[in-house]
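Step one of this worksheet: look at the structure below.
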There are 2 protein chains.
Amino acid sequence: MARVATTTDAFNAVAEPRRRQILDVLAGGERPVTDLVTELGLAQPQVSKHLKVLREVGLVDVREQGRQRVYRLNGRPLQPIHDWVRQYERTWNERFDSLDELLEELKEKEKRDENSGE
Amino acid sequence: MARVATTTDAFNAVAEPRRRQILDVLAGGERPVTDLVTELGLAQPQVSKHLKVLREVGLVDVREQGRQRVYRLNGRPLQPIHDWVRQYERTWNERFDSLDELLEELKEKEKRDENSGE
DNA sequence: TTGATATATTCCTATATGGGTATATAATCC
DNA sequence: GGATTATATACCCATATAGGAATATATCAA
């Protein structure tokens, strides 16, 4: 098998830097494709193809307006990424003071002790 | 060109679900490869290859212990992902009450107005 | 109708990948 | 030393990219 499809989930869709750029632009408000083309300095077909991927994972919505397709950001599919990464925040952040994180720490220690006794 | 290399950054390394699984296990404390093999139910060479990718982006560190290689999580490379995704939190979260986010909102509106007048 | 503009789709190609399998390497035990 | 255990690497293969280029499709303008 090859790599997981880019359209599998937001994790994969967003791994491509161009697609993150597109979302970053759309974060500033909805845009027709041509705007994205000029702002990204990418060829039009490539932009359309990236938009297709983003559409398939639900990260953007389209609205037809004359001959233009206006794309709008929909961040919801990013939430699973946020949730997953957030669990690791304490691994790079010194301060972990909430009760929640303290409990996480304890669970970690438990598992570590279990494991070292083999 | 093909897809961006998995070893380019944490975004790409972590897009593969198996590698997220590995990190999830390592979040419970450092582990030798064999433990990961049994916990993931994956073949040993595959695990080693995934670990190599994770090593190359700095998401894990290794420590030699006899004939074992004990892998340990290093979450720091995840921070850019966290930072990027966090900017989109308001797109799925109803409550955005901080001044910071309010300013973001205003900037957004500005750009949107600029854009609609064309 | 003809032409121009906006966007999507198709075809091409090079490339990296992920799993499978076999093997290399190294440490440990007898 | 020889056997076993732990891990990494090499090789093969099917596959899905991402960009490039050309073209299809649709809408608007004159």
Side-chain angles (χ1 to χ4, degrees), chain A residues 1-23 25-26 30-57 59-72 115-116 118, chain B residues 1-23 25-26 30-57 59-72 115-116 118:
Chain A
M1 224 184 277
R3 211 160 154 186
V4 175
T6 54
T7 53
T8 303
D9 52 27
F11 276 101
N12 284 277
V14 147
E16 165 67 34
R18 303 297 201 171
R19 286 194 283 267
R20 286 202 301 279
Q21 280 185 7
I22 290 179
L23 295 182
V25 173
L26 291 181
E30 54 179 24
R31 298 285 165 89
V33 179
T34 313
D35 280 27
L36 294 171
V37 169
T38 55
E39 289 214 46
L40 299 189
L42 210 66
Q44 177 268 315
Q46 274 60 343
V47 173
S48 281
K49 278 187 277 189
H50 283 312
L51 286 170
K52 185 178 186 178
V53 173
L54 293 173
R55 247 185 292 131
E56 288 189 41
V57 298
L59 277 168
V60 297
D61 296 319
V62 212
R63 178 169 59 86
E64 314 211 351
Q65 184 180 11
R67 46 186 161 183
Q68 296 191 328
R69 310 281 169 103
V70 182
Y71 280 83
R72 184 164 34 85
N115 201 247
S116 65
E118 36 123 358
Chain B
M1 223 184 277
R3 209 159 154 185
V4 176
T6 54
T7 53
T8 303
D9 52 27
F11 276 100
N12 283 277
V14 148
E16 165 67 35
R18 303 295 200 172
R19 286 194 283 265
R20 286 202 300 280
Q21 280 184 7
I22 290 180
L23 295 181
V25 173
L26 292 181
E30 53 178 26
R31 299 286 166 88
V33 179
T34 314
D35 280 26
L36 294 171
V37 170
T38 56
E39 289 213 47
L40 299 189
L42 209 65
Q44 177 266 316
Q46 275 59 342
V47 173
S48 280
K49 278 187 279 188
H50 283 311
L51 286 170
K52 185 177 186 179
V53 173
L54 293 173
R55 246 186 293 131
E56 289 189 40
V57 298
L59 277 168
V60 298
D61 295 318
V62 211
R63 177 169 58 87
E64 314 211 353
Q65 184 180 12
R67 48 184 159 183
Q68 296 190 328
R69 311 279 171 105
V70 182
Y71 280 83
R72 184 164 34 88
N115 202 246
S116 65
E118 39 124 350

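Only a predicted model underlies this, so the values are computations on that prediction, with no experimental measurement involved.
For the segment residues 15-22 of chain A, residues with any heavy atom less than 4.0 angstrom from an atom of DNA chain D are, sorted by number, A:Glu16, A:Arg18, A:Arg19. Within residues 4-12 of chain B, no residue has any heavy atom closer than 4.0 Å to DNA chain D.
The CD-P distance, from A:Gln65 to D:dC28, rounds to 10 Å in whole Å. B:Glu56 has its CD atom 15 Å from the C1' atom of C:dG18, to the nearest Å. Nucleotide D:dA6 holds its C1' atom 15 Å from the CZ atom of B:Arg63, rounded to whole Å. Atoms CG (B:Leu36) and C1' (D:dT7) sit 12 Å apart, rounded to a whole Å.
The CD atom of B:Gln21 lies 8.0 Å from the CG atom of B:Leu42; values are rounded to the nearest 0.5 Å. Note that CG of A:Leu36 and CD of A:Gln46 are 13.5 Å apart. Values are rounded to the nearest 0.5 Å. To the nearest 0.5 Å, atom CG of residue A:Leu51 and atom CZ of residue A:Arg31 are 13.0 Å apart. Separating the NZ atom in A:Lys52 from the OG1 atom in A:Thr6 is a distance of 10.5 Å, to the nearest 0.5 Å.
Contact check for A:Arg18 versus A:Leu40: no side-chain heavy atoms found under the 4.5 Å cut-off.
The side chain to side chain donor-acceptor pair (under 3.5 Å) search around A:Arg67 returns none, not counting sequence neighbours. Contacts of A:Arg69 classified as side chain to side chain donor-acceptor pair (under 3.5 Å), with partners at least two apart in sequence or in another chain: none. Listed by chain and number, the residues in a salt bridge (Lys or Arg N to Asp or Glu O under 4.0 Å) with A:Arg63 are A:Glu30 (sequence neighbours excluded).
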Q. Going through the distances and angles, do A:Val60 and A:Arg19 end up as a side chain to side chain contact (heavy atoms under 4.5 Å, CB included)?
A. CA-CA 11 Å; A:Val60 297; A:Arg19 286 194 283 267; over 6 Å; no
Q | Step-by-step side chain to side chain contact (heavy atoms under 4.5 Å, CB included) determination, B:Ile22 to B:Leu59 | A | CA-CA 10 Å; B:Ile22 290 180; B:Leu59 277 168; over 6 Å; no
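Although no hydrogens or angles enter the test, the distance criterion places a donor-acceptor pair under 3.5 Å between the side chain of A:Asn12 and the main chain of B:Ala15.
Toward the 5′ end of DNA chain D lies the nearest nucleotide of A:Val53, the other residue of the pair A:Val53 and A:Glu64 mapping further downstream.
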**Q.** Annotated protein contacts, base or backbone, on nucleotides 3-11 of chain C with a non-hydrogen cut-off under 4.0 Å, one of B, S, - each
**A.** -BBSBBBB-
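Dashed line: the shortest gap from a side-chain N or O of B:His50 to OP1 or OP2 of C:dG19 is under 4.0 Å.
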